[in-house]
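Hydrogens, waters and symmetry mates are skipped; everything else that's a heavy atom, side chains included, is used. Model, not experiment: these values are computed from the prediction.
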Amino acid sequence: MKFIRWIKMFFSRSEKRSQSQYGSFARWFEPYNIFTRMNNETLATNETIFSAINRLSNSLASLPLKVYRNYQPVQTRIADMMENSPNPNMTGFDFIRTMEAFRDTYGNAYALKQYDSHFQVVGLYFLDPSKVKPVIEKESKELYYEIHGDDGTYYIHNMDIVHVKHIHTIGYEGISPLKVLKNSIDYDTQVKQFSLDQMESGIKASFALKIAASLSKEKKAEMLEMFKSFYSKNGSGVILLDAGHDLKELKQDIIDMKVFEVERITRSRVATVYNLPPHMLGDFSDTNFSSMEQQALEYVQNTILPIVRMYEQEFNKKLLTPQERRQGLTFKFNINGLLRGDIKTRGDFYFKGIRSGWFTPNEVRAYEELPPVEGGDKLYMSRDLSPIDDPTRNGKGVNKKNEPKTDNADG
C-alpha cells in the first residue's frame, strides 16, 4: 500500500514537477500495471540459455559497487541505497542480478526511479521490458519511454528511468539475444523432442526368442511367462533352451549420439551470442588447463568490462546530480576480484608492485579485503625499502653514479 500511495503521489505532483529538467508529469496517472510480469518460460526450459544468463548475472552482481571520489570509496546516501536496498524488496546483489537477467533475456532492462518530496531518488523499481518502447519526442528530440499499460499509454522522460541494454542501431532499444538465438533454440528443442519420441515409441524388449514350431496364442503366452520367470531367477547365469529354440539379445542405443553433437553446437552458438568462453557453458572441446587462466582474463576484459562500463555510466548519469559529478563522485564496480590469479601469482604481482612503487602496502591490503595498517600509505622503492620520499635512501654505503670520487688523504 505504501508503494501504491507513492505511485499516486509520483504522478500527482504535476505542478511542481512540470518545471523539472526531467520533463512534464502532468498527464500521467497510476501505472499499477506496468511493473514486472516476466515470462520465465524460455529460461526454465533451456538449460544452456539459463546457464549463460546465470553466469553473467551472478558475475556482475558479485562485483562490489561503490561510489568513489578520487579513487577512494565514499559513503553517500545514494551509495548506501544501491548497496543495501535499491527498493524495499531487494538487496543490491539481487537488484543487479535481476537487471542483468532482464537485459540478457529481453535485450533491455528498465528501472523506474522513485523520488521523495525533495526530489531525491529513494528507490528503483523494475518495469516489464515487453511493455516499454523508447521513442524520440518530435519537438525537443529528447528520448522518452512509451509504456503500454492496461489503462492507457504513458510517456516517461529518459532521466526518470535507468536503462541498460544490449547493442542496438537506431531507436535506443537493445536487441534481444533470444531473438538472435531463436533458430538455434528451436532446432535444439526439436532434436531433443525427436529423441524423446524415439525413446517412447521404440521397442523396449531386450531379447528375441525364436521358436521352430508354430504356437497358439495361449502357448506363446505360457512360453513367454516361463522365459521371464527363468530369466529373473537366473539372468546372470546360464540360460537353457530346448531344441529348436534360439535366443538373440537386442542391443539398442537409447540416446542418439547426434543429440550430444547438437547440444555442443547449441552451447557454442549461445556462448558466441552472449560473448562467453565456451568452457563456461560446459564445452571443453577446445580447452586445456594451460589456457584457462588466459580465457578467464579474456572473459573479464571482453565480456564483463564493457557491461560494467555501461552500468557505471548509466548510474552516473541517472543517479548522481551534475553537482555531485563535478565534485568527482562516480559509481564504480570493483573487478579486481575477477582478475585475481592463484596465491603465487597474486603474491608475485603485489611484491613487484610494492618494490617498484606502484602500490602502497595498504592498497594491496585493500585488494585482499584486509584493514589498513599504520604507515602503509607510503610508496616504497626496491633498494632498501625505505619511503620513496626519504632523501637518505641513497646515503651511506650506496655508491652514487656520475659523482667524482674524493680523496680523504691529507695534503
Side-chain angles (χ1 to χ4, degrees), residues 19-23 59-87 90-93 95-96 99-100 103 109 111-124 142-143 157-165 300-301 304-340 349-350 353-354 356-380 387-389:
Q19 305 302 319
S20 166
Q21 61 175 318
Y22 302 140
S59 293
L60 197 65
S62 299
L63 300 177
L65 173 63
K66 298 182 182 298
V67 173
Y68 287 80
R69 178 189 284 121
N70 299 327
Y71 303 101
Q72 295 296 325
V74 294
Q75 192 64 21
T76 65
R77 181 193 57 80
I78 198 69
D80 179 73
M81 185 195 82
M82 291 302 296
E83 182 176 3
N84 297 305
S85 184
N87 62 61
M90 289 184 168
T91 63
F93 178 93
F95 177 82
I96 296 296
M99 283 285 285
E100 185 60 17
R103 192 185 75 91
L112 178 66
K113 293 160 63 176
Q114 176 188 1
Y115 300 95
D116 62 12
S117 58
H118 300 289
F119 204 58
Q120 299 293 311
V121 180
V122 293
L124 295 170
E142 291 188 87
L143 175 64
H157 193 271
N158 72 86
M159 288 300 293
D160 291 294
I161 289 183
V162 174
H163 179 199
V164 291
K165 52 190 173 294
V300 174
Q301 292 179 338
I304 295 298
L305 192 57
I307 299 174
V308 161
R309 189 60 178 151
M310 174 184 58
Y311 274 87
E312 289 173 348
Q313 291 194 349
E314 187 72 3
F315 290 159
N316 288 337
K317 179 180 179 181
K318 304 290 181 65
L319 300 181
L320 297 177
T321 66
Q323 182 182 2
E324 288 174 330
R325 293 196 296 270
R326 287 193 295 269
Q327 293 172 352
L329 295 183
T330 180
F331 276 97
K332 184 175 179 60
F333 286 91
N334 187 349
I335 65 172
N336 290 321
L338 295 179
L339 293 172
R340 289 178 179 174
F349 176 65
Y350 294 151
I354 291 178
S356 301
W358 306 343
F359 299 135
T360 67
N362 278 345
E363 287 174 336
V364 171
R365 293 179 66 84
Y367 287 144
E368 293 295 317
E369 299 182 357
L370 296 172
V373 296
E374 185 177 355
D377 292 321
K378 290 185 177 182
L379 290 173
Y380 288 84
I388 198 170
D389 57 354

Student: Testing the basics here: between K113 and M159, what is the closest heavy-atom pair and its distance to 0.1 Å?
Tutor: NZ-O, 2.7 Å
Student: Ignoring hydrogens and geometry, is there a side-chain-to-backbone donor-acceptor pair from E312 to F333 under 3.5 Å?
Tutor: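 Judged by distance alone, yes, a pair lies under 3.5 Å.
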Student: What do you reckon, is CD of Q323 surrounded by more than 12 foreign heavy atoms closer than 6.0 Å?
Tutor: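 Incorrect, the count does not exceed 12.
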Student: Where do M81 and V122 come nearest, in terms of heavy atoms and distance?
Tutor: SD-C, 3.4 Å
Student: Just do the side-chain contact (heavy atoms from CB on, under 4.5 Å) check on Y68 and L329 with the steps written out, would you?
Tutor: CA-CA 6 Å; Y68 287 80; L329 295 183; over 6 Å; no
Student: As an exercise, state the distance from CG of L305 to CD1 of I335, rounded to the nearest 0.5 Å.
Tutor: 5.0 Å
Student: Mind telling me whether Y311 and F315 have parallel, tilted or perpendicular rings, with 30° and 60° as the class edges?
Tutor: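 Rings of F315 and Y311: perpendicular, as their planes differ by over 60°.
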Student: Could you go through I161 and L112, starting from their C-alpha distance and side-chain angles, then the distance that decides it, and tell me whether this counts as side-chain contact (heavy atoms from CB on, under 4.5 Å)?
Tutor: CA-CA 5 Å; I161 289 183; L112 178 66; 4.0 Å; yes
Student: K378 side chain to T360 main-chain N or O, any donor-acceptor pair under 3.5 Å?
Tutor: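 Answer holds: no.
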Student: How long is the gap from CD on E142 to NE2 on H157, to the nearest 0.5 Å?
Tutor: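 The distance works out to 3.5 Å.
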Student: Give me the atom names and distance for the closest heavy-atom approach of I304 to S59.
Tutor: CD1-CB, 3.9 Å
Student: Report the distance from atom CZ of R103 to atom CG of L60, rounding to the nearest 0.5 Å.
Tutor: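 It comes to 8.0 Å.
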Student: CG of N316 to CZ of R325: how many Å apart, nearest 0.5 Å?
Tutor: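 Here the rounded value is 7.5 Å.
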Student: Mind checking whether L124 and M82 have side chains closer than 4.5 Å, heavy atoms only?
Tutor: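 Touching, per the 4.5 Å side-chain cut-off.
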Student: So which atom in A61 and which in F93 form the shortest heavy-atom distance, rounded to 0.1 Å?
Tutor: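 In terms of heavy atoms, the two residues are closest at O-CD1, 3.2 Å.
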Student: Closest approach of E324 and L319, non-hydrogen atoms and distance?
Tutor: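 What the structure gives for the nearest pair is OE1-O, 4.2 Å.
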Student: Specify whether W358 and F349 have parallel, tilted or perpendicular ring planes, treating 30° as the upper limit for parallel and 60° as the lower limit for perpendicular.
Tutor: tilted
Student: Could you tell me which non-hydrogen atom of D80 sits nearest to which non-hydrogen atom of N84, and how far apart they are?
Tutor: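 Heavy atoms only, the tightest pair is OD1-ND2, 2.7 Å.
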Student: Go through it in stages, so that I can follow the logic: the residues are V162 and M99, the test is side-chain contact (heavy atoms from CB on, under 4.5 Å), and I'd like the CA-CA distance, side-chain angles, deciding distance and then a yes or no.
Tutor: CA-CA 10 Å; V162 174; M99 283 285 285; 4.1 Å; yes
Student: Any donor-acceptor pair under 3.5 Å linking the side chain of R365 with the backbone of P371?
Tutor: yes
Student: State whether E314 and K317 are salt-bridged, where the test is any N-O pair (Lys NZ or Arg NE/NH1/NH2 against Asp/Glu carboxylate O) under 4.0 Å.
Tutor: no
Student: Would you mind reporting whether R309 and P306 have side-chain heavy atoms less than 4.5 Å apart?
Tutor: no
Student: Can you tell me how far the CG atom of N362 sits from the CD atom of E374, to the nearest 0.5 Å?
Tutor: 10.5 Å
Student: In Å and rounded to the nearest 0.5 Å, what is the CD to NZ distance from Q313 to K318?
Tutor: 11.5 Å
